[in-house]
Amino acid sequence: MKIAPAILSADFLRLGTQVSEALDAGVRRIHVDVMDGHFVPNLSMGPLVVAALRPLADRFSAVLEVHLMIADPDRYLDAFSRAGATAMTVHVEACRHLHRTVAAIRGLAAQPGVALNPATPIGALEDILPKIDVALLMSVDPGFGGQAFIPETVDKVARLHMELVRRSLEHVEIEVDGGVGPDNMRALANTGMTIAVAGTSVFDPERPIVTNIRALRAACGLGPA
Ligand code: DX5
Ligand code: ZN
């Protein structure tokens with residue numbers, strides 16, 4: 001079980017410090033939410049932020065993942081690769097030629113991931129599953145941090161996990177994104193989630209980041225990293 005802090009919920013004035021704290025607490029995957037105001041209603045970050053985080057991630061050999069909530073993501077794959085993204089996740093709903101996009105990500109030596117919105121059935125992944133490293137199930141409608149977890153995602157994770165087992169594709173990670181916290185970690189981990197994206201629950205300013213990460217790990221029966 002990996003925890004991928006979503007920096008969308010971080011304090012941007014102290015982004016470097018906060019990401020360092022998360023890395024010190026043992027995380028090895030940083031999740032960068034990229035939004036374009038078209039595919040989702042919000043605007044967020046681009047390659048400059050990825051480039052700024054790259055030296056930090058390198059120091060810990062951490063994966064720097066971009067979650068591309070943007071229309072026609074092919075236009076930006078080169079730019080994110082040059083900035084230092086080592087995993088790129090695109091939305092099935094935003095890609096006209098998903099197979100080509102996944103091949104392009106692989107060609108840039110990054111981990112290809114494909115994301116599904118909450119209302120998109122897992123059948124949409126059927127033919128691309130053998131080509132990807134990560135299947136990301138959105139557990140909120142994409143666009144904003146801090147939204148409530150959609151509980152039906154637990155069953156969706158279970159169904160995807162069964163499909164991966166049936167096809168001997170268990171190496172494909174199941175990543176869950178949106179509203180993930182200590183109260184739903186265990187159910188998700190038990191049904192097959194292997195990467196938990198966590199924004200609000202990691203960067204909650206009420207407690208130190210290391211405490212928040214420990215709480216997430218403890219919730220699924222893991223000790224400190
Ligand atoms: C939502 C983003 C998520 C989100 C996670 O559009 O893809 O990564 O920021 O944040 P929380 O954990 O606060 O839902
Ligand atoms: Zn995300």
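Along the sequence shown, the residues carry numbers beginning at 1. For ligands, and for the atoms within them, numbers begin at 1 and follow the listed sequence.
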*Could you tell me which N, O or S atom of Asp33 is nearest to the Zn ion (ligand 2)?*
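This turns out to be OD1.
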*asked:* Looking only at N, O or S atoms, which one in Asp177 sits nearest to the Zn ion (ligand 2)?
replied: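 Distance check against the Zn ion (ligand 2) picks out OD2 in Asp177.
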*Examine the proximity of ligand 1 to Asp177 and report which part, side chain or backbone, both or neither, has a heavy atom under 4.0 Å away.*
side chain
*Can you find a heavy atom in the side chain of Leu137 that is under 4.5 Å from one in the side chain of Val157?*
yes
*Note, Pro142 side chain near His91 side chain (heavy atom, < 4.5 Å)*: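 They are in contact (side-chain heavy atoms under 4.5 Å apart), so the answer is yes.
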*Give the residue and atom name of whichever protein heavy atom lies nearest to atom 13 (O) of ligand 1, and the separation in Å to one decimal.*
Thr200 OG1, 2.4 Å
*Ion pair check, Arg167 and Glu163, cut-off under 4.0 Å*: yes
Would you say ligand 1 has an N or O under 3.5 Å from any N or O of [X]?
X	value
Gln147	no
Ser201	no
Gly199	yes
Gly143	yes
Met69	no

*Relative to atom 2 (C) of ligand 1, which among Val32, Val180, Asp33 owns the nearest non-hydrogen atom?*
Asp33
*asked:* Quick check for you: with the Zn ion (ligand 2) as the vertex, what angle do ND1 of His67 and NE2 of His31 span, to 10°?
replied: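 Computed angle, vertex at the Zn ion (ligand 2), rounded to 10 degrees: 100°.
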*Atom indices of ligand 1 within 4.0 angstrom of Ser9 heavy atoms, with elements*: 13 (O)
*Within a distance under 4.0 Å of any heavy atom of Met35, pick out the atoms of ligand 1 and give their elements.*
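Taking each heavy atom of Met35 in turn, ligand 1 has 6 (O) under 4.0 Å.
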